[in-house]
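Heads up: the structure comes next, in structure tokens.
No experiment lies behind these values; they were computed from the predicted model shown. As a basis for the values below, the full set of heavy atoms in this structure was taken, side chains included, without hydrogen atoms, waters or symmetry mates.
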Amino acid sequence: MTPRKKKALIILLVVVIALCGLIGYRIYSNIQANKAKALATTNEVYVSVGHATRRDISPTLKLPATIEAAWSSPISSKVDGRIIVMNVNVGDHVVAGQTMCQFNTDDLDLAVLQAQANLLQAQANADNAESNYQRTNYLYEQQISTKKDYERDKSLRDASAAQMQVAAANLKTMQRKVTEATIVAPHEGVVVERKAQEGYYAKAGEAIFILADDSNVIIKKNVPEGKVSEITIGMPLTITVDAVPEQKFFGKITRIYPSAVLPTRTYTSEATIDNNNGKLHMGMSATVEIVELARKNVLCIPERALVVKDDQKSVFLVLKGNTVKQTVVEIGAIGGGWTEILAGLTEADTIVMSGQNKISDGDTIKISGEGAAK
């Protein structure tokens, strides 16, 4: 390489190094500026603060639950048969006595005719046996007929009468089966399931429909062991349903099961809810709110001041110099937007009331509103 080329190469390397240094300096300056900006922003977090206060609260117990029918029952036939007409479908409301489906009755109609013929024949036999008995009885009283003839005709008379009763009962059975081939609703309700179609051959006792009462629904909920003593039959409650968020429903506790559900050691309770507007449907998820007995003069903070993470409840305690320390607290009852504090705070402590999502443990805060919680 000639001296001239070497000199040009050296100049090029110097220019490249200078450019790299300039670019590095600009990147470093930007990083430092961003850090300073972030630090300035962090140091200028404004929050509101306050103090715990003593007051009366009415705790609200919130429990998840599912809407169920007050009752539901399978509707089946008492006879075997092929379904030829389906009169109702899922979702239809029916009244007591309404026809739900119809079986083919050709074979049953023939059986009724045969039973009627058998009854007529049995009636004729019974009438003839009665005539023979009356004649033999008269002759026996006149000592013309023997006792053996009398007892024979009497036995034939009694047997024929019994056969006539059997034939009459058999006719009633066949007629009843024809009637039972028409499936009617035993009570008012809504069809929540249809298990067969037209043409299906149903067996006696096999469910064809599931009928339920949707005018009144129930909610079953599991009450924690520590709360069951505060729940009583007749206690009112409020129900919110995810599917109908704009409306609240009201009911009362109608039953408390005496045995605990293991291993959770909760107690099942039932509440009845009027559903005349038809907005509640079986299977809907719901939240039950039960207002418990009021707690008097307890130390409370607004529920919004709590920081909840992994089932741990804490607050941000304001220290000297307006630095904050995240402090775990033990809570009691919750109700009306207030939380009872059992341990971890005193009335003298200052805590962050709002803005907790913008700060971390050890941050310095700017106080936008200071005073007792109200």
Side-chain angles (χ1 to χ4, degrees), residues 69-138 140 148-215 282:
W71 57 258
S72 63
S73 60
I75 307 301
S76 60
S77 169
K78 294 181 180 180
V79 297
D80 296 349
R82 190 171 302 282
I83 300 172
I84 57 173
V85 178
M86 272 288 186
N87 299 92
V88 297
N89 210 332
V90 174
D92 290 347
H93 287 262
V94 297
V95 296
Q98 180 177 337
T99 299
M100 303 183 73
C101 71
Q102 175 67 54
F103 286 9
N104 182 293
T105 60
D106 291 347
D107 292 342
L108 291 175
D109 291 338
L110 289 175
V112 168
L113 291 175
Q114 183 62 54
Q116 289 174 336
N118 292 342
L119 178 59
L120 290 175
Q121 183 62 54
Q123 180 70 57
N125 293 339
D127 291 344
N128 183 57
E130 180 66 27
S131 297
N132 290 338
Y133 167 72
Q134 293 296 338
R135 183 177 61 255
T136 303
N137 182 51
Y138 174 76
Y140 179 67
K148 182 177 180 181
D149 291 338
Y150 167 78
E151 291 179 346
R152 179 198 62 205
D153 288 347
K154 184 176 182 297
S155 296
L156 290 175
R157 190 276 307 265
D158 294 343
S160 296
Q163 290 172 358
M164 185 182 68
Q165 292 176 350
V166 170
N170 185 56
L171 175 58
K172 287 183 179 180
T173 299
M174 292 299 106
Q175 290 172 332
R176 188 186 70 250
K177 286 185 177 182
V178 171
T179 301
E180 290 171 345
T182 300
I183 309 303
V184 298
H187 33 61
E188 184 178 359
V190 62
V191 180
V192 296
E193 190 174 352
R194 196 179 87 171
K195 295 178 174 288
Q197 306 293 334
E198 291 180 358
Y200 179 82
Y201 191 86
K203 294 288 187 179
E206 179 183 0
I208 303 172
F209 304 96
I210 301 296
L211 193 62
D213 176 20
D214 66 342
S215 61
M282 279 65 77

Which value, rounded to the nearest 0.5 Å, describes the distance between [X] atom [atom1] and [Y] atom [atom2]?
X      : Y      : atom1 : atom2 : value
Thr173 : Leu108 : OG1   : CG    : 11.5 Å
Phe209 : Ser73  : CZ    : OG    : 12.5 Å
His93  : Glu188 : NE2   : CD    : 8.5 Å
Ile183 : Thr99  : CD1   : OG1   : 9.5 Å
Thr136 : Glu151 : OG1   : CD    : 12.0 Å
Lys172 : Thr179 : NZ    : OG1   : 13.0 Å

Original post:
Does a donor on one side chain and an acceptor on the other come within less than 3.5 Å for Gln102 and Thr182?
Top reply: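 Side-chain D/A pair, Gln102 to Thr182: present.
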Using every non-hydrogen atom in the two residues, find where [X] and [Y] come nearest and quote the distance to one decimal.
X      : Y      : value
Gln197 : Met86  : N-CE, 4.2 Å
Ala168 : Leu119 : N-CD1, 3.5 Å
Ala126 : Ser160 : CA-CB, 3.6 Å
Met282 : Ala212 : CE-CB, 4.5 Å

Original post:
Would you say Gln123 has more than 12 foreign heavy atoms packed within less than 6.0 Å of its CD?
Top reply: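 Above 12, so yes.
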Original post:
Can you tell me if OH on Tyr138 sees more than 12 non-hydrogen neighbours from other groups inside 6.0 Å?
Top reply: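 Atom OH in Tyr138 is not packed in, count stays at 12 or less.
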So [Y] and [X], do their side chains get closer than 4.5 Å, heavy atoms only?
X      : Y      : answer
Leu113 : Gln116 : yes
Asn87  : Met100 : no
Asn125 : Met164 : no
Asn89  : Val191 : no
Glu206 : Ser76  : no
Val112 : Leu171 : yes
Lys177 : Phe103 : no
Leu156 : Asn132 : no

Subject >> side chain to side chain contact (heavy atoms under 4.5 Å, CB included) evaluation trace for Leu211 with His187 >> reply: CA-CA 9 Å; Leu211 193 62; His187 33 61; 3.8 Å; yes
Subject >> Main-chain N/O of Gly199 paired with Arg82 side-chain donor or acceptor, under 3.5 Å >> reply: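 Side chain of Arg82 to backbone of Gly199, a donor-acceptor pair under 3.5 Å: yes, one is there.
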Subject >> Ala204 backbone acceptor or donor facing Asp80 side chain under 3.5 Å >> reply: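 Pair found, side chain donor or acceptor close to backbone of Ala204.
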**OP:** Could you walk me through whether Ile83 and Ile208 pass the side chain to side chain contact (heavy atoms under 4.5 Å, CB included) test, one step at a time?
**Re:** CA-CA 10 Å; Ile83 300 172; Ile208 303 172; 4.3 Å; yes
Subject >> Aromatic plane relationship, Tyr133 with Tyr150 - under 30° parallel, 30 to 60° tilted, over 60° perpendicular >> reply: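 Answer is tilted, since the angle falls between 30° and 60°.
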Subject >> Stepwise side chain to side chain contact (heavy atoms under 4.5 Å, CB included) test for Arg176 and Lys78 >> reply: CA-CA 10 Å; Arg176 188 186 70 250; Lys78 294 181 180 180; 6.0 Å; no
Original post:
Does the pair Lys154 and Asp158 meet the rule for a salt bridge (Lys or Arg N to Asp or Glu O under 4.0 Å), with working shown?
Top reply: CA-CA 6 Å; Lys154 184 176 182 297; Asp158 294 343; 3.4 Å; yes
